[in-house]
Amino acid sequence: MKFYLNGTLQDCAERDANTTLLQYLRQGAGKTGTKEGCASGDCGACTVLVADCDGAMPRSINSCITPLGALQGRQVVTVEGLAAGAEPHPVQQAMVACHGSQCGFCTPGFVMSLAGLYQRCLDTGRDAPGRGEIVETIAGNLCRCTGYRPIVDAAGSMMGYPKRSILGALERQSGAQAPQEDAAALLAGEHRYYLPRSEESLREILRAEPAARLVAGGTDLMLEVTQRFVQFPVLVDISGIASLAGVVAEGNYIRIGAATLYRDLLEHPLLDSASLANLLQRLGSQQIRNRGTLGGNIANASPIADMPPVLLAWQAEVAISDVEGATRWLPLEDFYLDYRQTVLQPGQYLSAVRMPKSAVAEPHRFYKLSKRYEDDISSVMCALSMTLDGRRVTAVRIAYGGMAAVPKRAVAAENVLRGALLDDNTIAMACAAVSTEFQPLSDVRASAAYRLAMAAGLLQRGLLALRDGDTADVFAGQAVEVSHA
Ligand SMILES: Cc1cc2nc3c(=O)[nH]c(=O)nc-3n(C[C@H](O)[C@H](O)[C@H](O)COP(=O)(O)OP(=O)(O)OC[C@H]3O[C@@H](n4cnc5c(N)ncnc54)[C@H](O)[C@@H]3O)c2cc1C
Ligand code: FES
Ligand code: FES
């Protein structure tokens, strides 16, 4: 297994399959500028930039939850790779000038996130990033002593320094990697890490390795390694399989590959929905969206995952493929059996998700409630899709996350609404019906009573917004961001 670290080739074949990129950087390569804060993707202290060897734009990721094997054939830039000799990178100069650092523990992570933004601005010929873009860029980086104002100031002024691209150094490495043997284990050690490039190879590996565990972005799975100290005997990374990624129109459906990144869902023309864009911008951080996949969100079977309620409202089906090469489509609502249990059997994997184009085109609203606005898991997630003929409801689908052991439709509320005149009385009855069919838990995020009240409140908000053609709530995210200014 080989990759470039700040332009220098690394050979890691003897590392264990469960090694994270951060562990390699700090303990293997001596690059201790990259810090470990939480080891769970939450603080951003471990942020580095990653690019393919084809000159593509480098993206920020959390190295603490990225498996080392996922870097095969790619390029990693750490904070040690930014300066040109003794001259700091413009982001570093701006951080110094704006007093953007005190204890300095978070600083390398902020600098790397901002270096990614700097590079994007440089590449698109922009003089300065907008405030919204800056806030979005550093939403996955926590600072506990400087405060964010000087860091935001540094981001606002970084383009004013003499320009410096890190792309030149990266592009020189293009094509330096030999093509990999598809079905060979990349990382040896005690355990094995595979990175197949086709579904055929994936099936071959799954047949040979019954204990194999799939990893896509690792933003859920790698927490098992860093928080619970699990050591997986065999990891099979599906991020290099082209047929499992991308969004396409297929007949009456929109089909999304299971390994499609959130980053690639955002603003995809086939998924033209302000409500979805709002939700995705609040799903994790930029570092998470650069690694996390739709299929991982579904297969992880968390009751508080953000995408399943959306997909339930959009009548989604999932494609389940097996080692024999067979694929069957199943409605998403039949995919979840119980808390963290799905119908997936050993040797099976999710290959795609599809929704009818007509379902995606129906008026809809997606609402996420979380304790913190950015980079936080939902307390309650509500997805509503509804079609009206005048004021009569002709079609409706409502789904919740955080309200039951699995993401679930609100069938009683739907029954109240379907065919009814959408007056205030009907809305009140639908909201009341929600509390008859859900018995949510109380936990660290929210009490059961709060969840029930919010579920009814969000439904009321969505029904009123769709009935009255009110779009203000869709842009609530932007409104909150402006109010921070
Ligand atoms: C800091 C942080 C913030 C987060 N914020 C959010 C948030 O706001 N909202 C939210 O919903 N989630 C959030 N998550 C959770 C996570 O990012 C998402 O669930 C993400 O979609 C998981 O995708 P992945 O590709 O990283 O999955 P992985 O971690 O690679 O895999 C997750 C599970 O799914 C299995 N799997 C993956 N792909 C397949 C497949 N194709 N077929 C069968 N099984 C498969 C794996 O074996 C594993 O069990 C957050 C996570 C972190 C660390
Ligand atoms: S160490 Fe906190 S996000 Fe990686
Ligand atoms: S400078 Fe101390 S945590 Fe940010």
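No experiment lies behind these values; they were computed from the predicted model shown. Counting starts at 1 for both ligands and their atoms, following the listed order. The first residue in the sequence is number 1, and the count goes up from there.
The shortest N/O to N/O separation between Gly295 and ligand 1 does not fall below 3.5 Å. The shortest N or O to N or O distance between Arg213 and ligand 1 is below 3.5 Å. Note: no N/O pair closer than 3.5 Å links Leu223 and ligand 1 by distance alone. Below 3.5 Å of separation, one finds an N or O of Gly284 facing an N or O of ligand 1. Of the N or O atoms in Asp220, one or more lie within a sub-3.5 Å distance of an N or O in ligand 1. Taking only nitrogen or oxygen atoms, main chain and side chain alike, Gly218 reaches within less than 3.5 Å of ligand 1.
Under 4.0 Å from ligand 2, not a single heavy atom of Ser63 appears. At a heavy-atom distance under 4.0 Å, no atom of Leu22 approaches ligand 2.
A salt bridge links Glu333 to Arg397: at least one charged side-chain nitrogen sits closer than 4.0 Å to a carboxylate oxygen. Salt-bridge formation is not detected for the pair Asp264/Arg289: no Lys NZ or Arg NE/NH1/NH2 atom is positioned less than 4.0 Å from an Asp or Glu carboxylate oxygen. We find that Lys371 and Asp376 are not joined by a salt bridge, their nearest charged nitrogen and carboxylate oxygen being 4.0 Å or further apart. A salt bridge is defined here as a Lys NZ or Arg NE, NH1 or NH2 lying under 4.0 Å from an Asp or Glu carboxylate O, and Arg354 with Glu250 fails to meet this definition. Under 4.0 Å is where a charged nitrogen must lie from a carboxylate oxygen, and between Glu80 and Lys31 no such pair does.
If you number the atoms of ligand 1 from 1 as listed, the ones under 4.0 Å from a heavy atom of Ala216 come out as 25 (O), 30 (O), 38 (N). Residue contact check: Cys46 has heavy atoms under 4.0 Å from atoms 1 (S), 3 (S), 4 (Fe) of ligand 2. The contact set between ligand 1 and Thr293, taken as ligand atoms under 4.0 Å from a residue heavy atom, comprises 20 (C), 21 (O), 23 (O), 24 (P), 25 (O). The Asn62 neighbourhood of ligand 2 comprises atoms 3 (S), with distances under 4.0 Å to a heavy atom of that residue. For ligand 1, the atoms lying closer than 4.0 Å to a non-hydrogen atom of Tyr262 are 18 (C), 20 (C), 21 (O). Under a 4.0 Å criterion applied to the non-hydrogen atoms of Asp42, ligand 2 contributes the atoms 3 (S). Near Cys38, with a cut-off below 4.0 Å to any heavy atom, the atoms of ligand 2 are 1 (S), 2 (Fe), 3 (S). In summary, the atoms of ligand 1 found under 4.0 Å from a heavy atom of Val215, numbered by their order in the structure, are 30 (O). Atoms of ligand 1 lying under 4.0 Å from at least one heavy atom of Leu344, given by number and element, are 43 (C). Atom numbering of ligand 3 starts at 1 in the shown order; those under 4.0 Å from a heavy atom of Cys103 are 1 (S), 2 (Fe), 3 (S). For ligand 3, the atoms lying closer than 4.0 Å to a non-hydrogen atom of Thr146 are 1 (S). Remark: ligand 1 atoms within the under-4.0 Å shell around heavy atoms of Ala258 are 41 (N). Ligand-side atoms of ligand 1 in range of Ser40: 1 (C), 53 (C), range being under 4.0 angstrom from any heavy atom. Residue Lys368 has at least one heavy-atom neighbour below 4.0 Å for each of these atoms of ligand 1: 7 (C), 8 (O). Atoms of ligand 2 lying under 4.0 Å from any heavy atom of Cys64, numbered from 1 in the order shown and given with element: 1 (S), 3 (S), 4 (Fe).
Aromatic rings from Tyr161 and His89 are positioned such that their centres are separated by 6.0 Å or more. Aromatic rings of Tyr24 and Phe3 (six-membered ring for Trp) have centroids within the 6.0 Å cut-off, being under it. Outside the 6.0 Å centre-distance limit, the rings of Trp329 and Tyr253 are not counted as a close aromatic pair.
Arg451 places a side-chain heavy atom less than 4.5 Å from the side chain of Asp443. Counting heavy atoms from C-beta on, the side chains of Tyr400 and Leu459 come closer than 4.5 Å. Side-chain contact between Ser239 and Leu195 is present, with heavy atoms from C-beta onward closer than 4.5 Å. Within the 4.5 Å cutoff, the side chain of Gln231 has heavy atoms near those of the Val225 side chain. The closest side-chain heavy-atom distance from Thr293 to Thr260 is not below 4.5 Å.
A cation-pi contact, defined as under 6.0 Å to the ring centre and within 45° of the axis, links Arg461 to Tyr367. Cation-pi contact between Arg282 and Tyr373: present, with separation from the ring centre below 6.0 Å and deviation from the ring axis of at most 45°.
Not close to ligand 1: Leu294, with no non-hydrogen atom less than 4.0 angstrom away. For the pair Gln287 and ligand 1, no heavy-atom separation below 4.0 Å is found.
Each of Thr66, Leu22, Ile61 was compared with Cys46 under the side-chain contact (heavy atoms from CB on, under 4.5 Å) criterion, and only Leu22 meets it. Met307 pairs in a side-chain contact (heavy atoms from CB on, under 4.5 Å) with only one of the listed residues (Ile298, Val353, Leu276), which is Leu276. Screening Arg365, His364, Glu362, Gln315 against Ser385 for a side chain to side chain donor-acceptor pair (under 3.5 Å) leaves a single residue, Glu362.
The nearest heavy-atom contact from the protein to atom 2 (Fe) of ligand 3 is Cys145 SG, 2.2 Å. Protein heavy atom at the shortest distance from atom 3 (S) of ligand 2 is Gly44 N, 3.1 Å. Protein heavy atom nearest atom 1 (C) of ligand 1, with residue, atom name and distance: Gly41 O, 3.0 Å. For atom 35 (C) of ligand 1, the nearest non-hydrogen atom of the protein is Ala299 CB, 3.9 Å. The protein heavy-atom contact nearest to atom 50 (C) of ligand 1 is Ile377 CD1, 4.0 Å.
At least one N, O or S atom of Cys43 sits under 2.8 Å from atom 2 (Fe) of ligand 2.
One option in Ile320, Asp306, Asn297, Leu350 has a heavy atom closer to atom 12 (N) of ligand 1 than any other, and that option is Asn297.
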